[in-house]
K.L.:
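Quick one: structure below, then a few questions.
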Amino acid sequence: MNFSGEFNGCRIFIRGMKDQEIGTTTVVDYNREHMTVTVRGTFYNAEDSGFVVVLILANDSVYEYNGKLRRSTLYPANSEIALSHGQLLEHRGAKRFPVNAPATVDNLVVDNRLFPLLTPIEVTLVNLSATGVLIRTVPNCFVNGSSFRFTLHSGETRTTMQGQVVRVREAAPAVTEYGCKLLANE
């Protein structure tokens, strides 16, 4: 799948093929013609095969690609990833990336209409896949079927996504986890 939009400035999560975490950073350049992204930081390890799986948070969607990590020839302080086998996944078996980052739920969504919350709900985004997110917050915020728009805060980058609760589980006293499928922002 060739992404027809723009990945520049998007958040990217990088994992090795054996599921080891390599890094989280920002795309500084997307070359649509060569299907490569240049990312901030040097992640290339000459002893490693360089094959990776990446998640890119783009606009209102999450894209998963297999790729080959290598040194950037144009930007020595950065790495380049040649992308292949991209997909916008639609199944629960999608690879999960641990995030553990703060996010806020700013709006509820009812009948495709946004209803701003007077006080945003602070949540922790536990993990992210191409099809969903797991968030953790206080109990009784959402029920199965609830839809909401949330903002992931990562340094200076803010990414807004929309989710719908498909699973609710008490994780600990006064802590509930909500499994959510990602929806396209309307």
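Reckoned from all heavy atoms, side chains included, excluding hydrogens, waters and symmetry mates. Numbers for residues simply follow the sequence, beginning at 1.
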K.L.:
Could you go through the side-chain contact (heavy atoms from CB on, under 4.5 Å) check for V133 and V99 one step at a time?
P.N.:
CA-CA 10 Å; V133 296; V99 178; over 6 Å; no
K.L.:
CD1 of I22 to CD1 of I14: how many Å apart, nearest 0.5 Å?
P.N.:
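Answer for the CD1-CD1 pair, I22 versus I14, is 7.0 Å.
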K.L.:
Please check if any side-chain donor atom of R11 sits under 3.5 Å from a side-chain acceptor atom of T26, or the reverse.
P.N.:
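Result is yes, a qualifying pair exists.
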K.L.:
More than 12 heavy atoms of other residues, nucleotides or ligands under 6.0 Å from CG of N140: is that the case?
P.N.:
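Open: at most 12 neighbouring heavy atoms sit under 6.0 Å from CG of N140.
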K.L.:
Testing R40, K68, R70 one by one against E80 for a salt bridge (charged side-chain N to carboxylate O under 4.0 Å, His left out), which residue passes?
P.N.:
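For E80, the salt bridge (charged side-chain N to carboxylate O under 4.0 Å, His left out) check succeeds only for R70.
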K.L.:
Does S129 use its side chain to pair, donor to acceptor, with the backbone of T131 at less than 3.5 Å?
P.N.:
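Checking the backbone N and O of T131 against the side chain of S129, a donor-acceptor pair under 3.5 Å is found.
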K.L.:
Could you check whether any side-chain heavy atom of L152 comes within less than 4.5 Å of a side-chain heavy atom of L57, counting everything from C-beta outward?
P.N.:
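Of all side-chain heavy-atom pairs linking L57 with L152, at least one is under 4.5 Å.
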K.L.:
Check whether any side-chain heavy atom of V39 lies under 4.5 Å from a side-chain heavy atom of V28, and answer yes or no.
P.N.:
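They are not in contact (no side-chain heavy atoms under 4.5 Å apart), so the answer is no.
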K.L.:
Any side-chain heavy atom of S147 within less than 4.5 Å of one from L183?
P.N.:
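Sidechains of L183 and S147: in contact.
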K.L.:
CG/L128 to CE/M161 distance, rounded to the nearest 0.5 angstrom?
P.N.:
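The CE atom of M161 is 5.5 Å from CG of L128, to the nearest 0.5 Å.
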K.L.:
Quick one: CG on N8 to CG on N31, what's the gap to the nearest 0.5 Å?
P.N.:
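Separation between the atoms: 10.0 Å.
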K.L.:
For the pair V52 and Y65, evaluate side-chain contact (heavy atoms from CB on, under 4.5 Å) and give the outcome as yes or no after the intermediate values.
P.N.:
CA-CA 8 Å; V52 295; Y65 286 91; over 6 Å; no
K.L.:
Does L117 belong to the same Ile/Leu/Val/Met/Phe/Trp/Tyr cluster as F148, with side-chain heavy atoms less than 4.5 Å apart forming each link?
P.N.:
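Yes, L117 and F148 fall within the same hydrophobic cluster.
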K.L.:
Are any non-hydrogen side-chain atoms of V54 and L69 less than 4.5 angstrom apart?
P.N.:
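Heavy-atom side-chain distance check fails, nothing below 4.5 Å.
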K.L.:
Between G163 and F150, what is the shortest heavy-atom contact and its length?
P.N.:
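Between these two residues, the closest heavy atoms are N-CE2, 4.1 Å.
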K.L.:
For T151 and T159, indicate whether the former's side chain and the latter's backbone hold a donor-acceptor pair under 3.5 Å.
P.N.:
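Checked: no pair found.
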K.L.:
Are the side chains of I121 and T104 in contact, using a 4.5 Å heavy-atom criterion?
P.N.:
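Sidechains of I121 and T104: no contact.
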K.L.:
Quick one: pull up OG1 in T124 and CD in E177 and give me the separation to the nearest 0.5 Å.
P.N.:
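Separation between the atoms: 10.0 Å.
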K.L.:
For a side-chain contact (heavy atoms from CB on, under 4.5 Å) check, start with the C-alpha distance between I56 and Y30, then their side-chain angles and the critical distance, and finish with the verdict.
P.N.:
CA-CA 11 Å; I56 302 174; Y30 171 53; over 6 Å; no
K.L.:
Give me the atom names and distance for the closest heavy-atom approach of P120 to D106.
P.N.:
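In this case the closest contact between P120 and D106 is CB-OD1, 3.9 Å.
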K.L.:
So Y178 and L134, side-chain contact (heavy atoms from CB on, under 4.5 Å) or not? Walk me through it.
P.N.:
CA-CA 6 Å; Y178 299 91; L134 179 64; 5.8 Å; no
K.L.:
Please answer: with hydrophobic residues joined when any side-chain heavy atoms are less than 4.5 Å apart, are V123 and V126 in the same cluster?
P.N.:
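Each belongs to a different hydrophobic cluster.
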K.L.:
Below 4.5 Å, heavy atoms only, C-beta onward: do I12 and F7 meet side chain to side chain?
P.N.:
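Sidechains of F7 and I12: no contact.
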K.L.:
N127 and P98: which non-hydrogen atoms are nearest, and at how many Å?
P.N.:
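Shortest heavy-atom contact: CB-CA, 4.1 Å.
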K.L.:
Would you verify whether the NZ or CZ of R15 falls within 45 degrees of the ring axis of F97 while also being under 6.0 Å from that six-membered ring's centre?
P.N.:
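Yes, R15 sits over the ring of F97.
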K.L.:
Is the closest side-chain heavy-atom distance between R169 and T176 below 4.5 Å?
P.N.:
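Not touching, per the 4.5 Å side-chain cut-off.
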K.L.:
Heavy-atom distance under 4.5 Å between the side chains of V53 and E64, does that happen here?
P.N.:
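Yes, close enough: below the 4.5 Å cut-off.
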K.L.:
To check you understand the geometry: which heavy-atom pair defines the closest contact between E122 and T137, and what is its length?
P.N.:
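The answer is O-OG1, 2.9 Å.
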K.L.:
Closest heavy-atom contact between Q164 and G145?
P.N.:
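Shortest heavy-atom separation between Q164 and G145 comes out as NE2-O, 3.3 Å.
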K.L.:
Would you say F13 ends up clustered with F51 if hydrophobic residues are merged whenever their side chains have heavy atoms under 4.5 Å apart, either directly or through other cluster members?
P.N.:
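F51 and F13: one cluster.
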K.L.:
For the residue pair N78 / T42, report whether a side-chain donor-acceptor contact shorter than 3.5 Å exists.
P.N.:
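Distance-only check fails for T42 and N78.
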